[in-house]
Amino acid sequence: MDVATPKAAILEARGISKTFGRVTALSDATFSAYAGEVSAIVGDNGAGKSTFIKILSGAIAPSGGDFLLDGKPVHLTSPQDARDHGIETVYQDLALAPSLDVASNLFLGREARLPGILGRLGFLDDRLMRARARQELEDLQVGLSSVSQPVFTLSGGQRQAIAVARATAWGKRIVIMDEPTAALGVRESAMVLKLIERIKQNGVAVIMISHSMPEVFEVADRITILRLGRTVRQMRRDETTMTDVVAFMTGASVEFVQEIER
Amino acid sequence: MSKTATANPPAKSAAPRNIFARSTNLYIFFVLIALIAFFSLISPNHAFFDRGNFVNIAWDTAEILLLAIGETFVIITAGIDLSVGTVLMLSGVVASWVIAQMGGPPALVASGHFPNAGTAIPLGIAVAIVIGGIAGLINGTLVTRLRMPAFIVTLGVFSIANGLGDLVSSSGAAGQSAIPPVPESFANTLGNGNLVFGLPTLVVIAAFIALVTHVVLTRTLFGRRTFAVGSNPEGSRLAGVPVTSHLIWVYTFAGFMAGLAGILDLARFHATDIQGHSLDNLDAIAAVVIGGTSLFGGTGSILGTVIGAFIPTVLRYGFTIQGISSFWQDVVVGAIIIVAVLFDQIRRRRVT
């Protein structure tokens, strides 16, 4: 990626707040994501990460703040609305139908119908869906023996790959991943991180939430740190260290770090 | 099967795939064939192996099959519909009441003459189907919009339909069987007619519907989403599947099938048996479960349900010809249900 020229953010959230009754989940969350980059959101438990991700994916509406796509303000009303804006989310529990085959899962909710009268009667174009699914998985270099095997026959990492492939197949611009490796073993995590690397190279803006610092430092280009509902820092990975990030995250030595910076 | 998707070595060799999904069908199909072969061999003069006998078996199976087809869709969504049997009864009773009311002057109707049969019968058919559909719509709406357990909702509708059916049928002065039998013309065509290949009309209709619903389940958007909703409702919702409206359609379809079965039952027997259908729901569910559809949702087939519907009838006919008490049919069918569910459990254990 060409890092020399400063680019405009594809997605920008400024001063996002969210209150649930008297509980303030987010007070001032600010974040930007860029095409062809991985932007990680990190934070301790209760920092507001999952609330923030739900706002970004359209599942809940913010109480305040500005949300910009390509510099234009938008209001996302539902996950469907977000999808219409090119934002796809890979949920932590993947939202796959295990008894359906791989191709049907990639097209879940967006099934392809046959052309003509048969299609209008509701007949599905399974051949087309399988071919596209094969193509999509090939692009991401996901090795699967067949796209017509049910998802329950796949390993956790392969399932994650299917969920990611579904997101990238439809979300050509922004893909949000909520703890993509949380449920995976070492080898499968590595495979998913490679996948993230690949979709980023396709020019997609990847937004990733993760608990794992080594993973964040392995794939993220930018790191946004949330603490108690606000963004305490946004920085490039190469400008910081794991120790600093953990310090900002926990607040353990924020003052101390700030002192040094001054 | 399809070729390897990528240049990478496949992470898993051709997975167990549908072996398990299909195997229950296959096993149960062999069980059915074995039963038929067994009874054919041991019956005196091979009386079991007879076209007339097979036609009667198909005829007796057809009605439960209609209920079981609707039930298959419901169970694939991980739901259950306990109301289909009494909804069948209610639909039949109301249809016969409508046909009697609209058929002509009461005196003529009472003596079996229906001057207005031409309008009364289509109206009766429509009423039966609409009542079934409405019952299903109520089931579906309560299950989805009010998030109530299907078991409880459909048990309630089971009881309501049962009571209403009783009320309508005993609304006459005599206190029971107040409704005269349907016109002979109706019974002789739809009920006992042999329209195609000399097969009972009911059998032809059930076979046709089984074929259509098999195609719907395996080839269309409606079928695919039925499996998706049963496999992961929340995930389907997040992926953009309209889960609520889909479930309402599925329950409405099951009710529609009960209404259709109600009118066909009425045509066959001239009047609807008030007591005779309270266990139909269990027979339908048994057919679905024996046929390999999982009560946990997400897997199932119409083909399996067809086979599952035949097994109890084949047993009953086989036992009758052998002079064995038909009560043994219940015992054997119960055992088969338990084995079928056991298979389902084992399959799920391997899956998850």
Side-chain angles (χ1 to χ4, degrees), chain A residues 57 59 78-80 83 89 91 93-105 107-114 118-119 121-124 126 129-131 133-155 157-158 161 163 166 170 188 191, chain B residues 1-22 76-78 212 215-243 246 249 293-294 296-300 347-352:
Chain A
S57 64
S78 67
Q80 189 57 53
R83 274 195 286 272
T89 306
Y91 297 94
D93 61 2
L94 303 184
L96 297 174
S99 67
L100 291 187
D101 67 17
V102 171
S104 299
N105 267 288
F107 281 82
L108 188 58
R110 284 178 274 220
E111 297 83 351
R113 300 189 195 196
L114 286 172
L118 283 177
L121 286 171
F123 279 83
L124 296 170
D126 275 316
M129 289 194 275
R130 284 193 199 118
R134 230 169 272 141
Q135 186 62 50
E136 196 64 39
L137 294 174
E138 202 170 315
D139 289 350
L140 294 176
Q141 298 174 30
V142 177
L144 273 190
S145 54
S146 159
V147 293
S148 37
Q149 60 189 3
V151 162
F152 71 69
T153 62
L154 304 180
S155 70
Q158 287 173 319
R166 177 170 69 186
W170 303 101
E188 299 198 306
M191 169 188 151
Chain B
M1 295 307 139
S2 61
K3 279 177 273 175
T4 305
T6 74
N8 280 7
K12 212 166 188 172
S13 62
R17 246 179 83 70
N18 288 339
I19 292 170
F20 284 112
R22 284 178 189 164
I76 289 175
T77 69
V212 170
V215 171
V216 167
L217 196 57
T218 53
R219 295 262 173 270
T220 71
L221 186 63
F222 189 83
R224 193 64 44 88
R225 289 188 165 176
T226 302
F227 285 112
V229 167
S231 186
N232 184 353
E234 192 46 35
S236 298
R237 203 187 307 271
L238 289 171
V241 175
V243 174
H246 190 84
W249 276 114
T293 295
S294 171
F296 298 99
T299 52
R347 181 176 53 192
R348 287 183 61 80
R349 236 171 273 153
R350 295 198 189 177
V351 163
T352 48

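Proteins come first, then strands; the chains are lettered A, B, ... in the order of their sequence lines, and each starts at number 1. Only this structure's heavy atoms are used, side chains among them; waters, hydrogens and symmetry mates stay out.
Looking only at side-chain heavy atoms (C-beta outward), Leu108(A) and Val241(B) come within less than 4.5 Å of each other. At a threshold of 4.5 Å between non-hydrogen side-chain atoms, the residues Arg224(B) and Asp126(A) count as touching.
Between the side chain of Asn232(B) and the backbone N or O of Leu96(A) there is at least one donor-acceptor pair closer than 3.5 Å. Under a 3.5 Å cut-off, the side chain of Ser231(B) and the backbone N or O of Ser99(A) do form a donor-acceptor pair.
Other residues, nucleotides and ligands contribute more than 12 heavy atoms inside 6.0 Å of the CZ atom of Arg237(B). The 12-atom threshold is exceeded at CH2 of Trp170(A), counting heavy atoms of other residues, nucleotides or ligands nearer than 6.0 Å.
Of the residues considered (Gln80(A), Arg166(A), Glu111(A)), Glu111(A) shows the highest number of contacts with chain B, using heavy-atom pairs under 4.5 Å. Top candidate by heavy-atom pairs under 4.5 Å with chain A, chosen from Ala228(B), Pro233(B), Ala239(B), is Ala239(B). If you tally non-hydrogen atom pairs under 4.5 Å between each of Gly298(B), Gly223(B), Gly297(B) and chain A, the highest count goes to Gly298(B). Comparing Gly119(A), Pro79(A), Ser57(A), Ser104(A) by how many heavy-atom pairs each has under 4.5 Å with chain B, the most go to Ser104(A).
Within the 4.5 angstrom heavy-atom criterion, only side-chain atoms of Val215(B), from C-beta onward, approach chain A.
Atom CG of Leu114(A) is separated from atom OG1 of Thr220(B) by 11.0 Å, given to the nearest 0.5 angstrom.
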